[in-house]
Undergrad: 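I have a structure here, written as structure tokens, and I will follow up with some questions on it.
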Amino acid sequence: MLGSMVANVVINVGRVSGQLCTSAGCREGRTALPWLVALAALLLVVAVARLFGPVFVSPATASWLLPAPIDRPSVLRPRLVWALLVALPAAALLAAVGSTLAGFAAGPVAAFAVSAGGLAVAGVGIAALAQSRRGIASRVLVWLLAALLWAALLVLALGVAPRLESPRHLTATWWAVLAAAAALAVALGVLSVTRLGRLRDRDVAPGGSLAPGLSGALATLDLALLYDVLVEHRWRGHATVRSRRGLPAGPEALVRTEVTRMLRSPQTVVVLAAAVVAPYAVAATGAGRLTLLVAALAGFLAGLPLLVALRVLTRTPSLLRMLPFPVAETRRLVLRLPGLLLIAFGLACVPAVHAAVGGTPTGAVGIGFAIGLSALASAVRWVTGRPPDYSRPLVSTPAGGVPTNLYGSALRGFDMLLVTTAPLLLSPTGNGAFFSLVLSLVVLGYLTARQ
């Protein structure tokens, strides 16, 4: 019943959007939507496969079953088959939604969805083959898909995307693409299954140890804890890092540690810079004020990896109290460099903002400042979130007693994003930017000063 409801909504939205989408930019965006969704689905599937392995076993199986004199491929084969079977419908459903919203007919929708599912299976097969080689090939594939998705957004932002008609029937090209995707999926899937004997204990054990941590974080709906688990899993694979002397002395030492952290993980700054293309792509489709919300959301999501130091101080209060500075000053110091980068992100969105809502150039610059501070306030709210407090009165549910702040933790960060961008959406002028800046500064002052 729920599936039929969702399918009906998607079909009706695709029909209505085809009638209302009349501008040139909107038509270009609607034409590019299926390919953007398909690339995003492939990127998501391959990234998750690389994160878990995709072949992984539980810690108990890795400790006592795999070292035993048994046929190891027979133990690992069902796990890989399940990963391949899950990847196929996951990518196919997302691709079907994107193609339906673009106005594809039933036949092309099915062919597009099956082709995307076949490519997802091929991606999981590549991740399984690369698992015994530290996942180098799967890492390259993830960055390649991310670069293709970014290039597609850039083409849309520049207004040079080719405008294609929505296919109404299957042509020879569609059949060729479908056959190629199916052949690639079968070849890589079978090859990955036949080479399971090359996987060692250290190749399949990390994913099994990651799964319980993720399930525990999801059980409490704590997305910040989920991020902590992922960061810990990433750095566990690094043997050592080069230590650096913490100069200069005094408060500037905390700023220096932020610089060192970003030099060790330059991809965090690269992702933030690449996210600038999102509001330009949305503005090119004629979305209007929605561009402001997309810009703040892109800055919020891309800025989260920059706030690792603040997250560590939040999760380790004893470390925060050991530093010879007041609590509020310590938090402001570690926010100095990420704040400057997010404000620079907001200013980089000024041309897109001006093209989307018009107004004066001075007002657009003010809105850019407001977008950067809104993204910073939302990210700080997200990383400084507190875990569920079971000492408070519990709410009786069919699942048992639930803390009152459990379900709200899933919306943490997004709530401040809506609050701080509401003045911009209601009045995309200098006055709206002023009220948004005040709200963001109030939120930042409260979050950095509370004990």
Undergrad: Can you find a heavy atom in the side chain of L418 that is under 4.5 Å from one in the side chain of L293?
TA: yes

Undergrad: Taking all non-hydrogen atoms of both residues, which atom of A95 and which atom of F112 are closest, and how far apart?
TA: O-CD2, 3.7 Å

Undergrad: Please examine the side chains of M262 and L341, heavy atoms only from C-beta on, and report whether any two atoms are closer than 4.5 Å.
TA: yes

Undergrad: Side chains of L178 and V114: closer than 4.5 Å at any heavy-atom pair?
TA: yes

Undergrad: Where the side chain of T291 meets the backbone of G288, is there a donor-acceptor pair that is under 3.5 Å apart?
TA: yes

Undergrad: Judged by atom type as modelled, is there a donor-acceptor pair below 3.5 Å linking the side chain of W382 to the main-chain atoms of L304?
TA: no

Undergrad: Should L272 and L342 count as side-chain neighbours, where that means a heavy-atom distance under 4.5 Å?
TA: yes

Undergrad: Using the side-chain contact (heavy atoms from CB on, under 4.5 Å) rule, pick out the option among L44, L153, L149 that qualifies with L39.
TA: L149

Undergrad: Out of curiosity, L148 CG to L43 CG, how far, rounded to the nearest 0.5 Å?
TA: 10.0 Å

Undergrad: Are side-chain heavy atoms of P305 and V271 found at a separation under 4.5 Å?
TA: no

Undergrad: Determine whether L230 and L214 make a side-chain contact, defined as any pair of heavy atoms from C-beta on separated by less than 4.5 Å.
TA: yes

Undergrad: On a heavy-atom basis, which atom in L210 and which in V229 lie closest, and how many Å separate them?
TA: CD1-CG1, 3.5 Å

Undergrad: Do any N or O atoms from the side chain of D228 and from the backbone of L226 form a donor-acceptor pair under 3.5 angstrom?
TA: no

Undergrad: With no hydrogens and no angle check, is any side-chain donor or acceptor of S138 less than 3.5 Å from a backbone partner on A127?
TA: no

Undergrad: If you look at every heavy atom in P34 and G98, which pair is closest and at what distance?
TA: CG-O, 3.8 Å

Undergrad: For S427 and L424, indicate whether the former's side chain and the latter's backbone hold a donor-acceptor pair under 3.5 Å.
TA: no

Undergrad: Which heavy atom of Q131 sits nearest a heavy atom of V55, and at what distance?
TA: NE2-O, 2.6 Å

Undergrad: Quick one: CD1 on I367 to SG on C349, what's the gap to the nearest 0.5 Å?
TA: 11.5 Å

Undergrad: If you take all heavy atoms of L84 and G125, which pair is closest and at what distance?
TA: CD2-N, 4.1 Å

Undergrad: Examine the side chains of T360 and T362 and answer whether a donor and an acceptor come within less than 3.5 Å of each other.
TA: no

Undergrad: With heavy-atom distances below 4.5 Å as the criterion, would you say the side chains of L307 and L335 are in contact?
TA: yes

Undergrad: Check residues 185-193 and write down every donor-acceptor pair under 3.5 Å in which the side-chain atom is one partner and the other belongs to a residue at least two apart or another chain.
TA:
residue : atom : partner : partner atom : Å
S192    : OG   : L188    : O            : 3.1
S192    : OG   : G189    : O            : 2.7

Undergrad: Is there a donor-acceptor pair closer than 3.5 Å between any side-chain N or O of T384 and the backbone N or O of V380?
TA: yes

Undergrad: As an exercise, state the distance from OG1 of T421 to CE of M416, rounded to the nearest 0.5 Å.
TA: 10.5 Å

Undergrad: So among L144, L119, V142, which one has a side-chain contact (heavy atoms from CB on, under 4.5 Å) with V46?
TA: V142

Undergrad: Determine the minimum heavy-atom distance between V334 and P338, stating which atoms define it.
TA: O-CD, 3.3 Å

Undergrad: Checking S440 side chain against L437 main chain: does a donor-acceptor pair fall under 3.5 Å?
TA: no

Undergrad: What residues, two or more places apart in sequence or in another chain, satisfy salt bridge (Lys or Arg N to Asp or Glu O under 4.0 Å) together with R289?
TA: none

Undergrad: Compare all side-chain heavy atoms of Y280 with those of P351 and state whether any distance is below 4.5 angstrom.
TA: yes

Undergrad: Give a yes or no answer on whether the side chain of T420 reaches the backbone of S436 with a donor-acceptor pair at less than 3.5 Å.
TA: no

Undergrad: Between CZ of F104 and CG of L33, what distance do you get to the nearest 0.5 Å?
TA: 9.0 Å

